[in-house]
Asker: 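Below are the structure tokens for one structure; questions will follow.
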2 protein chains.
Amino acid sequence: MKKDQSKRLQQQIDAINSLVLHQIKPSMQRIAIMDYLITHRTHPSADEIYEKLSIGMPTLSKTTVYNTLKLFASNGAAQMITIDEHQVNFDADTSTHAHFLCKQCGKIYDLSLPELATMPDMQKIEGHLVKEISYFYKGICKDCLAKGTKDSNTN
Amino acid sequence: MKKDQSKRLQQQIDAINSLVLHQIKPSMQRIAIMDYLITHRTHPSADEIYEKLSIGMPTLSKTTVYNTLKLFASNGAAQMITIDEHQVNFDADTSTHAHFLCKQCGKIYDLSLPELATMPDMQKIEGHLVKEISYFYKGICKDCLAKGTKDSNTN
DNA sequence: TTCATATTTGTAATGATTACATTTTTATAT
DNA sequence: ATATAAAAATGTAATCATTACAAATATGAA
Ligand SMILES: [Mn+2]
Ligand SMILES: [Mn+2]
Ligand SMILES: [Zn+2]
Ligand SMILES: [Zn+2]
């Protein structure tokens, strides 16, 4: 179990590095939340993060999770994803990349669309100063297509 | 005032046509809501539509507005825009076009980005069946840039 | 230690959206 | 035209993600 221990330690360090890099003073909670974001690339919601972390950290407050995620977002340490109209999801990967939401299972996938990379951030478009870019796709994911054979009409 | 009358009538007809085209049986409320969407290209929220329409239609229910907009969206008569994390906005223009949300004034603008048109709807990307595409940009809009000279650091 | 500041916590709002039961409208059959 | 069934709209009460706020705790310099 030595491996697990040292791996977890390295993850913590990665989390702290990301925080410091984005001018966020590390704290128990902030490290835990950033660590969760880094090790779970499934674009979790605030509630999911709270539920999972509060198991090993019973005093964690949901408010702290919300505040912390908002702090991360405004400092560029994480990105807010508003692809789902019901809740906001978060991503430690702040690079401009596209997301796909499966309407059936709800999972959010990363998409690497090379043609999108052509458009640089932080520029003006039609006179507006662009600070954030989001590319969202919705439909039925690979896995759900494989399972259910219904609705396979639209090729 | 003859002109106004006939113009309004034509708008109603346009609204009805869009409904019928999308297999939605026209009703007073549905026509009014579609008419509002067509004549107000500002991407209104359900609440805004309700507030404005209920003036001249006091019995209108907010539930009806929500139900109707959801019906429009699932029949392809309007598109839901989840660019704002606080509420959903709607657009009678169902063509694939980008949107810009101003973080200062909250207005949502259309962007006509020709390079986006290259990607056709209803195809598979990385194995996932794509049914909807959204391109969202956020920042400070033209007007707000002109007014406030603060935060002009990021050219 | 002491004091000021930053962070976290718990609880109570808020506010958009939805559920649901009731009423009204519309269409159809008699 | 009347009765009847289905569709649509209404009003109210939940739901539930997010935020506001005040109190408690931790941090860090003096
Ligand atoms: Mn991602
Ligand atoms: Mn639009
Ligand atoms: Zn799926
Ligand atoms: Zn603006």
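Lettering of chains follows the sequences in order, A, B, ..., and the numbering in each one begins at 1.
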Asker: On DNA chain C, check which nucleotide each of A:R30 and A:T63 is closest to and give me the residue with the more 5' one.
Answerer: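 Counting from the 5' end, the first nearest nucleotide belongs to A:R30.
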Asker: Which distance, rounded to the nearest 0.5 Å, do you find between the CZ of B:R30 and the CD1 of B:I16?
Answerer: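 So the gap between those two atoms works out to 12.5 Å.
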Asker: Starting the side chain at C-beta, find the nucleotide from C:dA16, D:dT18, C:dT7 nearest to A:A46.
Answerer: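 Out of C:dA16, D:dT18, C:dT7, the nucleotide with an atom closest to A:A46's side chain is D:dT18.
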Asker: Answer yes or no: does a side-chain N or O of B:H86 lie under 4.0 Å from OP1 or OP2 of C:dT14?
Answerer: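 Answer is no, no contact under 4.0 Å.
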Asker: For a quick test of reading the model: is some side-chain N or O of A:S45 closer than 4.0 Å to OP1 or OP2 of D:dA17?
Answerer: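 Answer no for this pair, as no side-chain N or O of A:S45 is under 4.0 Å from OP1 or OP2.
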Asker: Within the pair B:Q29 and D:dA9, is there a side-chain N or O less than 4.0 Å away from OP1 or OP2?
Answerer: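 For D:dA9, OP1/OP2 do have a side-chain N/O of B:Q29 under 4.0 Å.
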Asker: Rounded to the nearest Å, what distance is computed from the CG atom of residue B:N67 to the C1' atom of nucleotide C:dA16?
Answerer: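 The distance from CG of B:N67 to C1' of C:dA16 comes to 14 Å, rounded to the nearest Å.
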Asker: Mind checking the CG-CG spacing from A:L37 to A:L69? Nearest 0.5 Å is all I need.
Answerer: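 Result: 6.0 Å between the selected atoms.
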Asker: Please report, rounded to the nearest Å, how far the P atom of D:dA17 is from the CD atom of A:E48.
Answerer: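 Answer to the nearest Å: 12 Å.
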Asker: Are more than 12 heavy atoms, taken from residues, nucleotides or ligands other than B:R41, located less than 6.0 Å from that residue's CZ atom?
Answerer: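 Yes - once you tally the heavy atoms of other residues, nucleotides and ligands closer than 6.0 Å, there are more than 12.
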Asker: Grab the CD-C1' distance between A:E51 and D:dC16 for me, whole Å please.
Answerer: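 The distance from CD of A:E51 to C1' of D:dC16 comes to 13 Å, rounded to the nearest Å.
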Asker: OP1 or OP2 of D:dT10 less than 4.0 angstrom from a side-chain nitrogen or oxygen of B:T64, does that happen here?
Answerer: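 Yes, because at least one side-chain N or O of B:T64 sits under 4.0 Å from OP1 or OP2 of D:dT10.
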Asker: Can you tell me if the side-chain N/O atoms of B:K70 get under 4.0 Å from OP1 or OP2 in C:dT18?
Answerer: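 So the side-chain polar atoms of B:K70 do come within 4.0 Å of the phosphate oxygens OP1 or OP2 of C:dT18, strictly under.
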Asker: Rounded off to whole Å, could you give me the CD1-to-C1' distance for the B:I49 and C:dT17 pair?
Answerer: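 From B:I49 CD1 to C:dT17 C1': 14 Å.
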Asker: Which sits closer to the 5' end of DNA chain C, B:V88 or A:M28, going by the nucleotide each is nearest to?
Answerer: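 Looking at DNA chain C, the more 5' nearest nucleotide goes with A:M28.
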Asker: Return the orientation label for the B:F100 and A:H128 ring planes: parallel under 30°, perpendicular over 60°, tilted otherwise.
Answerer: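 It falls in the parallel class, under 30°.
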Asker: From OH of B:Y50 over to P of D:dA9, roughly how many Å is that when rounded to an integer?
Answerer: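 Interatomic distance, OH of B:Y50 to P of D:dA9: 15 Å.
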Asker: For B:E85 and for B:S61, locate the closest nucleotide of DNA chain D by heavy-atom distance; then report the residue assigned to the nucleotide nearer the 5' terminus.
Answerer: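 Between the two, 5'-proximity favours B:S61.
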Asker: Think B:K62 has a side-chain N or O under 4.0 angstrom from the OP1 or OP2 of C:dT18?
Answerer: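 Answer is no, no contact under 4.0 Å.
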Asker: Which of the following nucleotides, C:dT8, D:dT10, D:dA17, is nearest to the side chain of B:T59?
Answerer: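 Output: D:dT10.
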Asker: Without decimals, in angstroms, what is the distance between A:L69 CG and C:dT7 C1'?
Answerer: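 After rounding, the gap between these two atoms is 15 Å.
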Asker: When B:H43 is tested against each of B:D93, B:D91, B:D84 for side chain to side chain donor-acceptor pair (under 3.5 Å), which residue passes?
Answerer: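 Going through the options one by one, the only one that passes is B:D91.
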Asker: Of the nucleotides C:dT17, D:dA9, C:dA6, which one has an atom closest to the side chain of A:K25?
Answerer: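 Comparing C:dT17, D:dA9, C:dA6 against the side chain of A:K25, the answer is C:dA6.
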Asker: Please report, rounded to the nearest Å, how far the P atom of C:dT17 is from the CG atom of B:D47.
Answerer: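 Between P of C:dT17 and CG of B:D47: 8 Å.
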Asker: Measure up the A:Y36 and A:H40 rings against each other and bin them: parallel (under 30°), tilted (30 to 60°), perpendicular (over 60°).
Answerer: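 Parallel: the ring planes of A:Y36 and A:H40 meet at under 30°.
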Asker: Would you say a side-chain N or O of B:Y66 is under 4.0 Å from OP1 or OP2 of C:dT17?
Answerer: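 True: B:Y66 side-chain N/O within range (under 4.0 Å) of C:dT17 OP1/OP2.
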Asker: What is the distance from CE of B:M57 to C1' of C:dT24, rounded to the nearest Å?
Answerer: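 Atom-to-atom, B:M57 to C:dT24, this comes out as 13 Å.
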